[in-house]
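Remarks on the structure that follows.
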Amino acid sequence: MPELPEAEANRRRIEADALNRTIEGFWLGDTEHVDIPGDNERARLVGRQITETRRHGKIIFAGSKSGPWLAVHLGMTGSLRPYDGEERPEYTRIAVEFEGDRRLGFRDPRKFGWMKVIDDPETYLAEDRVGPDARQIGRDAFREVIGGSGGALKSALMNQGKLAGLGNLWSDEMLFQTGVAPTAKGSDLDEETLDALFDAMGEVLGTLIEVNADYSKLPSDWLKPGRKEGADCPRCGGTIAKRKVGGRTAFYCDSHQGA
DNA sequence: ACAGTTGTTCGGAG
DNA sequence: ACTCCGAACAACTG
């Protein structure tokens, strides 16, 4: 379930199991409609090694100082799976084959993810107009970006050009913990509320990264464990409600989130 | 069987 | 030119 914390957990798998091994080639599965690098792009990586990784928002980068780099977006259902030999997980679309038996698979059942070969992360992020990473943005920049948005707050939080890393689940969570309605307008919020949102974002993402995105380890007073319509709110006497906001299903407390 | 889905992109309206 | 919204995308899961 890939938003920023899940992308971070996947990045760590590369660090743990796919670093400093020479790339010999690629395995290709059912890649129809999957956006992956072509022959010439893949060939740029053969003979090279992944020596470092990065993450910006939901995008994972794997490469080396002089490049080129692999950039991966997990889409809605993607994950990176190191494996050995032919122990390939189902729905693996493409896999990097390292010297020896090690492979790094890109599993993506619903084919909404992508993989590219790029020269370097900074240039890619600038050209693609990706906003500041949600873990790196400062309080002032957050106030400006979110406080300056005109539409539904939830939509602004999920807009990767404004702020990179939040999706449906964790935008709901930070709004829930702050007590603000998903439909509130950013431009209507006072500074105090914007700061509270910023703090909640840090708390939510920080906690998730700490537990390596293992949802079973989340506090019981979070929205996520009981994120379904009609559930009792774990923070007040309210009830969890559901509605479409910005084209996605938002869950929120009908009592302490004001609307 | 059929509805629902964690994300991005695109066209069109404002 | 920029912002915002809704629909579309593909294919699996419950």
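Just so you know, these numbers use all the heavy atoms, side chains as well, and skip hydrogens, waters and symmetry mates. Proteins come first, then strands; the chains are lettered A, B, ... in the order of their sequence lines, and each starts at number 1. The shown structure was predicted, so the numbers you read here are calculated from the model rather than taken from an experiment.
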So, taking the atom named [atom1] in [X] and the one named [atom2] in [Y], what distance separates them when rounded to the nearest 0.5 Å?
X         : Y         : atom1 : atom2 : answer
Arg93(A)  : Glu32(A)  : CZ    : CD    : 10.0 Å
Leu4(A)   : Leu166(A) : CG    : CG    : 7.5 Å
Lys154(A) : Arg243(A) : NZ    : CZ    : 11.5 Å

Between atom [atom1] in [X] and atom [atom2] in [N], what is the gap in whole Å?
X         : N       : atom1 : atom2 : value
Leu4(A)   : dT8(B)  : CG    : P     : 11 Å
Tyr91(A)  : dA11(C) : OH    : P     : 11 Å
Lys242(A) : dT5(B)  : NZ    : C1'   : 11 Å
Phe112(A) : dT5(B)  : CZ    : C1'   : 9 Å
Asp108(A) : dT8(B)  : CG    : P     : 13 Å
Glu6(A)   : dT6(B)  : CD    : P     : 12 Å
Glu32(A)  : dA10(C) : CD    : P     : 9 Å
Trp114(A) : dC9(C)  : CH2   : C1'   : 17 Å

Problem set entry | 5' priority, DNA chain B, between Asp128(A) and Arg110(A) [closest heavy atom] | Arg110(A)

Side-chain N,O ([X]) to OP1/OP2 ([N]) below 4.0 Å:
X         : N      : answer
Thr249(A) : dT5(B) : yes
His73(A)  : dT8(B) : yes
Lys58(A)  : dG7(B) : yes
Lys224(A) : dT6(B) : no

Problem set entry | Base-pairing mate for dA8(C) - Watson-Crick or G-U, with both contacts under 3.5 Å | dT8(B)

For this session: Determine the interatomic distance between P on dT9(B) and the same-named atom on dC12(C); round to the nearest Å.
Result: 22 Å

Mind listing the N/O atom pairs, protein and nucleotides 3-7 of chain C, below 3.5 Å?
unit_1, atom_1, unit_2, atom_2, d
dC4(C), OP1, Gly150(A), N, 2.5
dC4(C), OP1, Gly151(A), N, 3.4
dC4(C), OP2, Lys162(A), NZ, 3.3

For this session: Measure centre to centre between the rings of Phe112(A) and His73(A), then say whether the value is under 6.0 Å.
Result: no

Exercise. Ring centres of Tyr215(A) and Trp170(A) under 6.0 Å apart?
Worked result: yes

Exercise. Salt bridge (charged side-chain N to carboxylate O under 4.0 Å, His left out) between Asp172(A) and Lys224(A): does it pass, once the steps are laid out?
Worked result: CA-CA 9 Å; Asp172(A) 270 5; Lys224(A) 168 64 184 155; over 6 Å; no

Problem set entry | Closest nucleotide among dA10(C), dT13(C), dT6(B) to the Arg227(A) side chain | dT6(B)

Exercise. Would the number of heavy atoms belonging to other residues, nucleotides or ligands and lying under 6.0 Å from CG of Asn40(A) be above 12?
Worked result: no

